[in-house]
Amino acid sequence: MQSNGDFWTTADSPGQQFGYDTFRNLGAPQSSAPGLVGALPDSYVLGRDDEVVIAIRGRTRQSYTLRVGRDGLLPMPDIPPFPAAGRSLRDLRADIEARVARELGGSEAYVSLGQTRQIAIFVAGEVVRPGLVPLPAIASLLDALGAAGGIRRTGSLRAVRVEGPGGARVVDLYAAIAGTPGSPDLSLREGERVVVPPLGGVVALAGDVTRPAIYELPAGAGAAPLHSLLALAGGALRPVGNRFLSIGTDAGGRRALAELAPGSPVRRGDAVTVSPGVDAVSGGLRLAGHVVAPVMRGVGARGGAGLRALLADPRVIRPDPYVRMGVVWRQDERTRVRRFIGFDLGRVMNGAAELPLREGDEVILLSQTDVLWLASPAVQRALKGDVGQGAANAPVPGAMPGTMPGTAPGMPGGGSPATAVSTVPATAAVGTTPMPVALGPDCPALTALAIAARSSPLRFAHARSAGFPDIGTPGCPQLFVDYPALLPFLLDQSVLLAGEVRLPGLYPVLDDTGLDSVLAAAGGAAETADLSSVEFAREPLENAGAIPLSRTLLDLRSRNFAAVRLSPRDAVRVPLGFGDRDTGPVSLVGEFLRPGTYDIRRGERLSELLARAGGLTQQAYPYGAVFTRESVRQRQQEGFQRTARELETSLIQVAAGQAVAGSRQGSLDLGGAINAGQALASTLRDARAAGRMVVEANPVVLASRPELDVLLEPGDLIVMPKRPNEVTVVGAVLNPGSLQFATGWKASQYVRGAGGEQRFADISRAFIVLPNGQSVPAGLGSWQAGGPPVPPGSLVVVPQDPSPYETWGFIRDLTSVLGQISISSAALAVISRQGR
């Protein structure tokens with residue numbers, strides 16, 4: 001049977017045969033085999049060409065290096081030769097010492113062995129280089145096999161035969177390299193040969209053993225007890241609780257599985273896998289969430305571990321935890337159904353609360369960021385059942401198939417948390433495939449929440465009524481990716497804290513939690529809060545088919561917040577206290593003695609602000625003051641957009657042949673008219689409204705006529721220009737530009753100064769934009785006598801003749817729109833000049 005066959009791959013085979021790497025670096029090159037020099041065992045048997053070193057000390061002092069001759073004798077001067085061949089070193093040493101002491105009185109002999117002789121050993125069978133190998137006489141069987149290149153993987157390690165004049169013996173090399181019982185005779189003698197037979201029966205040991213490998217059965221054996229093979233593999237990794245699964249073949253050649261006991265026989269060709277008796281973790285629990293690193297801990301021998309012991313060192317918790325609630329994800333020991341259990345993390349860390357832990361618990365800590373995400377736009381949309389289209393079939397990031405994210409494989413209750421059933425209804429309906437919500441990455445927790453919210457519209461009523469602004473797109477925290485069922489549970493356990501608090505939101509709490517603790521998590525009440533009328537709402541659940549809502553106004557000016565005890569689903573709204581200061585600043589730019597940004601009180605007027613700014617400079621031009629307001633700007637901008645849409649609608653009617661008949665010209669260039677109209681609509685759409693209001697900004701006039709004194713609003717801008725000395729003429733004139741102001745000049749004179757009107761100018765619709773923002777007719781008609789005098793800083797606008805478009809009714813009113821654009825342009829120009 002080959003070790004790399006299909007059989008072994010199906011049994012989780014280790015893939016390596018045991019013992020064959022022993023010979024990798026054992027042998028020396030065959031060309032050189034130097035003798036061994038040094039002390040040798042006394043049992044060494046001398047032979048021809050062995051070198052003996054004799055040192056005589058005493059009455060005479062001599063040293064001899066002698067070699068055993070072909071006749072087996074060891075010649076020595078002055079003493080008869082000693083018989084050496086075939087004798088042990090011990091016997092020869094005793095003989096020499098006795099004769100020297102007898103014949104050379106007063107002297108002692110010291111005998112040692114110098115260079116040993118070379119012997120030739122024939123190695124045959126399943127070796128890399130079979131043949132005759134030269135070895136020192138002291139070499140062992142392992143030396144001979146190493147010199148032959150080692151045993152092939154097709155050769156046996158347990159039935160090596162050594163044959164010679166003294167008979168034959170079988171050597172089990174496992175006793176030498178694996179430590180099995182027995183003392184094999186590894187010595188070699190001259191004239192012996194080594195034969196390595198083919199590989200015998202083998203079995204494979206895999207799994208939780210010290211040395212997974214393929215092992216050979218004893219020589220001639222077709223089976224062996226499992227415990228003996230486990231001893232070869234160094235034993236199982238666990239002392240108890242092991243499961244031994246055997247994969248073999250039955251009489252029909254089919255693969256057969258069998259459970260074995262340690263004393264069961266393992267037959268040739270079997271593969272045994274050692275694994276835990278029960279593939280489950282016992283006595284473990286996990287700390288996850290807002291911790292430095294998720295860790296596995298043990299419950300303890302007597303199951304007495306609790307949260308205090310688990311969190312005894314606060315350094316395992318990352319900074320800024322949410323201390324009002326942590327969660328234990330616990331499974332029922334019989335049904336294996338999971339549910340969430342909340343606890344007060346702050347009280348546990350202070351030693352005021354405790355919760356015993358069980359096997360398989362997961363302790364989940366929350367962060368402030370996780371809790372603030374409950375008030376995010378994504379959660380608010382999910383509460384309305386708003387789930388994005390196009391479900392993504394990607395699994396939860398970091399989760400193994402069939403394994404709970406964040407749980408070690410094999411832990412009790414391992415599985416997707418989305419499929420776990422908790423105390424939150426509808427959680428079981430959530431699958432393991434997440435669906436993306438309207439924004440952000442895939443977040444299965446939002447899908448679970450949307451399903452729960454649609455199935456029970458009143459369930460999260462307290463959270464839906466929050467009215468949080470839809471600002472920003474925060475991503476889904478990793479905690480809710482790992483535990484999707486946690487989001488509905490936290491919302492069920494949360495209280496709504498809204499109004500004048502530093503961090504409004506939904507805060508999970510336990511029953512009978514003080515308002516002081518929740519306010520501390522929210523950063524406390526704002527300085528603008530009115531604590532005399534705090535609104536407290538509660539939905540008492542009476543299981544009577546109705547959920548009444550009770551509201552109470554609380555006077556908390558004593559700041560005894562701890563007296564207000566909260567329960568999940570409560571709502572606390574801290575109102576804004578009435579203040580005289582308004583909600584935004586007003587800016588003064590230009591010719592004021594003290595320009596800048598000023599905060600205002602409610603009902604403050606322009607004259608009061610001008611007095612706070614020290615009044616106007618001598619160069620100020622109140623008649624040309626620019627007063628802009630955001631609400632006015634928005635209305636003007638909407639007017640531009642509306643006019644552009646109306647113009648485009650009329651162009652579509654003309655293109656469709658539905659224009660009103662009655663053009664002045666019999667042959668109207670319809671294409672050119674449409675192109676010009678489209679350009680005009682584009683100009684209207686791109687025009688920037690300034691939001692200018694016509695106000696009186698002269699402090700003297702305001703003092704005499706209080707009815708003209710405008711009330712200020714946050715965001716107002718007042719720009720006071722210097723007195724100008726020019727009048728600007730634009731539109732259909734030959735030389736548009738600015739002319740020096742001349743006292744008493746009318747619009748007709750300024751138009752003549754600009755070269756006069758063009759051929760297609762419509763002087764009857766010309767108008768003047770006065771410095772205060774008003775628009776009046778220019779009076780350029782023949783019967784209008786040139787119009788009124790023009791003040792400095794004015795803008796004279798001469799439009800073109802709109803006769804190609806006057807068949808469209810609203811085009812005749814376009815002059816007012818052009819006037820608004822001109823007013824906005826003039827105001828923006830003044831603001832730009834004064835802001836430099």
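All values reported here derive from a predicted model rather than from experimental measurement. Sequential numbering from 1 along the given sequence is applied to the chain's residues.
Annotation for Val274 and Ala236: closest pair CG1-CB, 4.2 Å, computed over non-hydrogen atoms. The two atoms that bring Ala144 and Val133 nearest to each other are O-CG2, 4.4 Å, heavy atoms only. The minimum heavy-atom distance between Thr273 and Gly207, with the atom names listed, is CG2-CA, 4.4 Å. What you find for Asp370 and Pro477 is that their closest heavy atoms are OD1-CB, 3.4 Å. Taking all atoms of both residues into account, the shortest heavy-atom contact from Ala176 to Pro184 is N-CG, 4.5 Å. In terms of heavy-atom proximity, Leu510 sits nearest to Asp344 at CD1-N, 3.5 Å.
No donor-acceptor distance shorter than 3.5 angstrom exists from the side chain of Arg169 to the backbone of Glu163, with no hydrogens or angles considered. Checking side-chain atoms of Ser228 against main-chain N and O of Pro225 turns up a donor-acceptor pair under 3.5 Å. The backbone N or O of Leu479 lies less than 3.5 Å from no partner atom in the side chain of Asp482, so there is not a single donor-acceptor pair. In this structure, the side chain of Ser455 engages the main chain of Ile451 through a donor-acceptor pair within 3.5 Å. Judged by distance alone, with hydrogens and angles left aside, the side-chain atoms of Tyr483 form no donor-acceptor pair with the main-chain N or O of Trp329 at under 3.5 Å. In this structure a side-chain-to-backbone donor-acceptor pair under 3.5 Å is missing from Asn350 to Ala352. Of the possible polar contacts, one joining the Glu192 side chain to the Arg189 backbone as a donor-acceptor pair under 3.5 Å is found. Put simply, the side chain of Tyr20 never gets that close to the backbone of Gly150: no donor and acceptor are under 3.5 Å apart. Counting only distance, with no hydrogens or angles, the side chain of His290 and the backbone of Thr369 share no donor-acceptor pair below 3.5 Å. A side-chain donor-acceptor contact under 3.5 Å links Arg308 to the backbone of Ala353.
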Stepwise side chain to side chain contact (heavy atoms under 4.5 Å, CB included) test for Leu307 and Met349: CA-CA 9 Å; Leu307 282 174; Met349 296 178 67; over 6 Å; no
For the pair Leu186 and Val171, evaluate side chain to side chain contact (heavy atoms under 4.5 Å, CB included) and give the outcome as yes or no after the intermediate values. CA-CA 8 Å; Leu186 300 180; Val171 179; 3.7 Å; yes
In sequence, state the C-alpha distance, the side-chain angles, and the governing distance for Asp361 and Ile341, and then conclude on side chain to side chain contact (heavy atoms under 4.5 Å, CB included). CA-CA 10 Å; Asp361 283 351; Ile341 301 175; over 6 Å; no
Verdict with reasoning, Leu446 to Leu487, per side chain to side chain contact (heavy atoms under 4.5 Å, CB included): CA-CA 8 Å; Leu446 293 175; Leu487 178 58; 4.0 Å; yes
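Tyr44 has its side chain within reach of Thr116: a pair of non-hydrogen atoms, C-beta onward, lies under 4.5 Å apart. In this structure, the side chains of Leu157 and Ile177 come closer than 4.5 Å at one or more pairs of heavy atoms. Looking at Leu365 and Pro321, their side chains never come closer than 4.5 Å, going by heavy atoms from C-beta outward. Proximity of Val162 to Val195: side-chain heavy atoms (C-beta onward) are nowhere separated by under 4.5 Å. Taking the side chain as every heavy atom from C-beta outward, Leu491 and Gln493 never approach each other to under 4.5 Å. At least one side-chain heavy atom of Asp492 sits less than 4.5 Å from a side-chain heavy atom of Arg459. Counting heavy atoms from C-beta outward, Val348 and Phe343 have side chains that approach closer than 4.5 Å. With contacts defined as side-chain heavy-atom distances shorter than 4.5 Å, the pair Glu190/Arg117 qualifies.
Under the side-chain contact (heavy atoms from CB on, under 4.5 Å) test applied with Leu199, the options Gln17, Arg152, Glu126 reduce to a single match, Gln17. Of the residues Val266, Val272, Asp270, the one that meets the side-chain contact (heavy atoms from CB on, under 4.5 Å) test with Leu229 is Val266.
The existence of a salt bridge linking Asp250 and Arg254 is confirmed by a sub-4.0 Å separation between a basic side-chain nitrogen and an acidic carboxylate oxygen.
Counting non-hydrogen atoms of other residues, nucleotides and ligands closer than 6.0 Å to CZ of Arg153 gives a total above 12.
The distance between the ring centers of Phe18 and Tyr174 falls below 6.0 angstrom.
Interatomic distance, Leu113 CG to Leu46 CG, rounded to the nearest 0.5 Å: 5.5 Å. Once rounded to the nearest 0.5 Å, the distance linking CG of Leu310 with CG of Leu287 reads 5.0 Å. The structure places CZ of Arg93 at 12.0 Å from CZ of Arg87, a figure rounded to the nearest 0.5 Å. Rounding to the nearest 0.5 Å gives a distance of 11.5 Å between OG of Ser187 and CG of Asp143. Distance CG/Leu486 to CD1/Ile364: 5.5 Å, rounded to 0.5 Å. Here the CG atom belonging to Leu173 is positioned 6.0 Å from the CG atom belonging to Leu141, to the nearest 0.5 angstrom.
Sequence neighbours left out, the pairs with a member in residues 207-224 that pass side-chain hydrogen bond (donor to acceptor under 3.5 Å, both in side chains) are Ser156-Glu216, Asp208-Arg238.
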